[in-house]
Amino acid sequence: MQTISENRCYGGIQGVYAHPSKACACDMTFAVYLPPAAEIAPVPVLWYLSGLTCTHENAMVKANAQQYAARHGLAICFPDTSPRGDGVADDDAFDLGQGAGFYVDATEDPWAPHFRMWSYITDELPRILDANFAIDPDRQAITGHSMGGHGALTVALRHPGRFASVSAFAPIANPSQSDWGRKQLTAYLGPDKTRWADHDATMLMGETGFDGPVLIDQGTKDPFVDLLRPEDLAHAMAARRQPGAFRFQKGYDHSYFFMESFMADHVAFHAAALGL
């Protein structure tokens, strides 16, 4: 693992690191914020999965999450959203290829050799954090935005017992029924829609629910709301009687200003679920 940068931030350390990934068969970059409490003992970790076109840097710089993580004693991990580099398949569209990994393990060409973000997020990167940082692997929570909200929900729903809580900002909630989903799931996983079900938060919520609290925030002026399909997930949560809250925030859009406005709520929500 290579240290790219480490900076003092709210009394803790904001670091950026790179490593050769076996899962993605290329070098990957991620960021970790360690609060001051990590200097005393291992701390819980909040995973933040970012959206389309983002890298590890967008939320690290724009979401202003570190001050709340420092206050509650949480680490935050900001992974990248896809494999990158020479020899890694790409597409001219912003919503497919590099920057658009969709948190799945691709089985179709030309994506299969590198686009294994599911394995990277759920297996390889957690082991790297456990081995190199003062993080308690038994105390985890997860959140994300847009494509990353889709990733956070599906990862949490398919790993019962791993995460104390899950939240999302404007998640792609029902990708099987949306152009932000059908295109990518077809490209990465093939046309058999039965293989998509494991990566659709609405379907998973209806089938199993989540064994902890859920918090969803959606802006009412989000220009992508028809692609996100938040009402489908809201109905699934209600039908399942899922503990948690689905909040429509009046006047907010899809930008990082939206996330920054409610980041304090989300970090506090996860801190409470983790017993902090």
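Considering every non-hydrogen atom in both Ala273 and Ala164, the closest pair reads O-CB, 3.8 Å. Here the closest non-hydrogen pair linking Thr143 and Ala168 is OG1-N, 4.0 Å. The two residues Leu228 and Pro171 come nearest to each other via the heavy atoms CB-O, 3.5 Å. In terms of heavy atoms, Ala197 sits closest to Met203 at CB-CE, 3.6 Å. Closest approach of Gly151 to Leu49, counting heavy atoms only: C-CD1, 3.6 Å. Taking all atoms of both residues into account, the shortest heavy-atom contact from Ala18 to Ile4 is CB-CD1, 3.8 Å.
Between the side chain of His114 and the backbone N or O of Ala25, at least one donor-acceptor pair lies under 3.5 Å. Remark: the backbone N or O of Cys54 is not paired with any side-chain donor or acceptor of Asn58 at under 3.5 angstrom. Between the side chain of Arg229 and the main chain of Ala173, no donor-acceptor pair closer than 3.5 Å is present. For Ser119 (side chain) and Ala23 (main-chain N/O), no donor-acceptor pair under 3.5 Å exists by modelled atom type. A donor-acceptor contact shorter than 3.5 Å links the side chain of Asp90 to the backbone of Gln98. Between the side chain of Arg162 and the main chain of Thr122, a donor-acceptor pair closer than 3.5 Å is present. In this structure a side-chain-to-backbone donor-acceptor pair under 3.5 Å is missing from Gln2 to Tyr17. Panel note: side chain Ser255, backbone Phe257; a donor-acceptor pair is recorded below 3.5 Å. The main-chain N or O of Tyr68 is never found under 3.5 Å from a side-chain atom of Tyr10 such that the two would form a donor-acceptor pair. Checked by atom type and distance alone, the side chain of Gln184 pairs as donor or acceptor with a backbone atom of Gly181 at under 3.5 Å.
Considering CZ of Phe78 and NE2 of His56, their distance stands at 10.0 Å, rounded to 0.5 Å. For the atom pair Arg116 CZ and Thr107 OG1, the distance stands at 9.5 Å (nearest 0.5 Å). Expressed to the nearest 0.5 Å, how far CG of Asp105 lies from SG of Cys24 amounts to 8.0 Å. Distance check: Ile142 CD1 to Thr154 OG1 gives 8.0 Å after rounding to the nearest 0.5 Å. Remark: Ile135 CD1 to Asp130 CG distance equals 8.5 Å, nearest 0.5 Å. Note that the NE2 atom of His72 and the CG atom of Leu46 stand 11.0 Å from one another [nearest 0.5 Å].
Considering Val43, Val45, Leu276 as possible partners of Arg139, the one that fulfils the side-chain contact (heavy atoms from CB on, under 4.5 Å) test is Leu276. When each of Gln218, Met259, Gln249 is paired with Phe169, the side-chain contact (heavy atoms from CB on, under 4.5 Å) condition holds for Met259 and for no other.
Trp47 and His159 have their aromatic ring centers separated by at least 6.0 angstrom. If you look at His199 and Phe102, their ring centroids are not closer than 6.0 Å.
No single ILVMFWY cluster, assembled from side-chain heavy atoms under 4.5 Å apart, contains both Ile13 and Met1. When hydrophobic clusters are built by joining Ile, Leu, Val, Met, Phe, Trp and Tyr residues whose side-chain heavy atoms come closer than 4.5 Å, directly or via intermediates, Leu227 is grouped together with Leu185. The hydrophobic clustering, which links ILVMFWY residues whose side-chain heavy atoms are closer than 4.5 Å, places Ile121 and Trp196 together. Under the 4.5 Å side-chain contact rule for hydrophobic residues, Leu129 and Val155 share a cluster. Note on Leu125: it does not cluster hydrophobically with Leu74, by side-chain heavy-atom contacts below 4.5 Å among ILVMFWY residues.
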Inset, instruction - Check the pair Gln14, Gln66 against side-chain contact (heavy atoms from CB on, under 4.5 Å), reporting the backbone distance first and the verdict last. - result: CA-CA 8 Å; Gln14 177 61 68; Gln66 292 90 341; 2.9 Å; yes
Inset, instruction - Please step through side-chain hydrogen bond (donor to acceptor under 3.5 Å, both in side chains) for the pair Ser21 and Glu124, ending with a clear verdict. - result: CA-CA 8 Å; Ser21 167; Glu124 184 175 24; 2.7 Å; yes
Inset, instruction - Might you work through the side-chain hydrogen bond (donor to acceptor under 3.5 Å, both in side chains) test for Asp217 and His266, ending with a clear yes or no? - result: CA-CA 9 Å; Asp217 274 322; His266 282 245; 2.8 Å; yes
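Note on ring orientation: taking the six-membered ring where Trp is involved, the planes of Phe258 and Phe262 are perpendicular (angle over 60°, cut-offs 30° and 60°). Ring geometry for His254 against Trp180 counts as tilted: the plane angle lies between 30° and 60°, on a 0 to 90° scale. Between Phe30 and Phe133, the ring-plane angle classifies as perpendicular under the 30° and 60° cut-offs. Below 30°, between 30° and 60°, or above 60°: for His150 and Tyr103 the angle between ring planes is between 30° and 60°, a tilted geometry. The aromatic rings of Tyr188 and Trp111 lie perpendicular to each other, with more than 60° between the two planes, well past the 30° mark.
Phe94 CZ: more than 12 foreign heavy atoms inside a 6.0 Å radius. Other residues, nucleotides and ligands contribute more than 12 heavy atoms inside 6.0 Å of the CD atom of Glu108. Residue Arg8 qualifies as enclosed at atom CZ: its count of foreign heavy atoms under 6.0 Å is above 12.
Classification of Asp253 and Lys221 as a salt-bridged pair fails, no side-chain N sitting under 4.0 Å from a carboxylate O. Under the 4.0 Å criterion applied to side-chain N and carboxylate O atoms, Asp179 and Lys183 are not assigned as salt-bridge partners.
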Sequence neighbours left out, cut at 3.5 Å: what donor-acceptor pairs do the side chains of residues 206-213 make with other protein atoms?
residue: Thr208; atom: OG1; partner: Leu204; partner atom: O; Å: 3.1
residue: Asp211; atom: OD2; partner: Gly161; partner atom: N; Å: 2.8

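Between Leu233 and Leu153 there is a side-chain heavy-atom pair separated by less than 4.5 Å. Residues Thr81 and Pro79 fail the side-chain proximity criterion, which asks for heavy atoms closer than 4.5 Å.
Considering only residues two or more places apart in sequence or on other chains, Asp80 meets the side chain to side chain contact (heavy atoms under 4.5 Å, CB included) condition with Met28, Thr55, Arg84.
For His270 and Ser167, the side-chain atoms include at least one donor-acceptor pair closer than 3.5 Å.
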